[in-house]
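Below, chains carry the letters A, B, ... as their sequence lines are ordered, and counting in each starts from 1.
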Protein chains: 2
Amino acid sequence: MTCAINYAPRLRAQGLRITPQRNAILHVLHHSGGHLSPTQVFEQARKEFPGLTEPTVYRTLEDLAEKKFLLAAHVGNGKIVYELAEKQHHHLICHKCGKTVEVDHAPLDLLYHQFESSTGYKLDSSHVTFFGLCPDCQS
Amino acid sequence: MTCAINYAPRLRAQGLRITPQRNAILHVLHHSGGHLSPTQVFEQARKEFPGLTEPTVYRTLEDLAEKKFLLAAHVGNGKIVYELAEKQHHHLICHKCGKTVEVDHAPLDLLYHQFESSTGYKLDSSHVTFFGLCPDCQS
DNA sequence: TTCCTTATTGTAACTTCTTACAATAATAGA
DNA sequence: TCTATTATTGTAAGAAGTTACAATAAGGAA
């Protein structure tokens, strides 16, 4: 539980308050080390803070993602998962078995610049998900 | 309603049967000319075929997307929308006002090749969504 | 046309996600 | 420390999306 303390100053700097609910949610994401669905976060964080409710989880995940503490990644079929925003990366997902690979952001930089000059949009560095078939599923 | 007839041979070629439910769904997507959420498809297609139910809509949309009749696009917050698969393109979405711009697939080709050789995945040309701020929301 | 196979659908129950609003509690300032 | 402000939370209800399985009907073959 102590780990979430580390986020406190950054949270406060963004105008977010420190609450046991947020601590529990950050704790879970910190220790899982991967992508979790809102439901998974809810189930696990409820062990840390039994009174936790669903709407709080959904709202907190959205808030933390908006403030760049978390990355929201869209995984096949409109599902969304969250993970701690550490280094900038993207995902390749096999649409057959679901296996996921992380890829670096660097190769996308040029592309982003092209899109920005052709559309006027300012792209943010949020998560992009690509779909395909993993080596095992290609046979 | 006649428009859906055009899809009949292609549907049958893929082993899919022609049903009034599918006709209604294709009809709606054909005439809307844009992206529709499953709920929108459900509401509108029910006018064409009043007995239509939700699970049928969700299943049909998935099936048609899998067989490449439709494109499934992930729009902010895990929402999914469908549109007829005509030309290959992607979307830039403003995460403030939701305004959407289509961009060509061509600039992504090189990137896809890089990812394919570095990961062994075979990327399919499905829809990718980028997020950012549109010109109007940058101020 | 009739029958057979099986893809497709509807039913019913459930899980996941969202919304509006009143109650609570974290923080800043006195 | 106490108080006021207001971000955050829980409640309750509902909407959206999913699942398993039995009933139906589309399309091929007799």
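Side chain of A:T56, nearest nucleotide from D:dA16, D:dT9, C:dT8: D:dT9. Taking every side-chain heavy atom of B:T19 into account, D:dA26 is the closest of C:dT18, D:dA26, D:dT8.
A donor-acceptor contact under 3.5 Å links the side chain of A:R59 to the base of D:dG10.
Between A:F131 and B:L123 there is no side-chain heavy-atom pair separated by less than 4.5 Å. For the pair B:E83 and B:H91, the minimum side-chain heavy-atom distance is below 4.5 Å.
B:H27 has its ring centre no less than 6.0 Å from the ring centre of B:Y7.
The side chain of A:T39 places an N or O atom within less than 4.0 Å of a non-bridging phosphate oxygen (OP1 or OP2) of C:dC17. Checking the phosphate oxygens (OP1, OP2) of D:dG10, a side-chain nitrogen or oxygen of A:Q21 falls inside 4.0 Å. Look at A:Y58 and you'll find a side-chain N or O under 4.0 angstrom from OP1 or OP2 of C:dC17. Between B:T60 and the phosphate of C:dT8, there is no side-chain N or O to OP1/OP2 separation shorter than 4.0 Å.
Computed from coordinates, the B:E54 CD to D:dG14 P distance equals 16 Å when rounded to whole Å. The nearest whole Å value for the distance from the CZ atom in A:R17 to the C1' atom in C:dA28 is 9 Å. The separation between A:I80 atom CD1 and C:dT16 atom P is 16 Å, rounded to whole Å. At whole-Å resolution of the value, CD in B:Q14 and P in C:dT8 are 11 Å apart. Rounded to whole Å, the distance from NZ on B:K79 to P on D:dA16 is 8 Å. For A:L11 and C:dA28, the CG to P distance is 13 Å, given to the nearest whole Å. Atom-to-atom, CG of B:L16 to C1' of C:dT9 comes out at 14 Å; the value is rounded to the nearest Å. Distance, A:R12 CZ to D:dT6 C1': 16 Å, rounded to whole Å.
In this structure a side-chain-to-backbone donor-acceptor pair under 3.5 Å is present from A:Q138 to A:L133. The closest donor-acceptor contact from the side chain of A:Q88 to the backbone of A:D104 lies at 3.5 Å or more, if one exists at all.
Map B:S37 and B:I18 each onto its nearest nucleotide of DNA chain D; the residue landing nearer the 5' end is B:S37.
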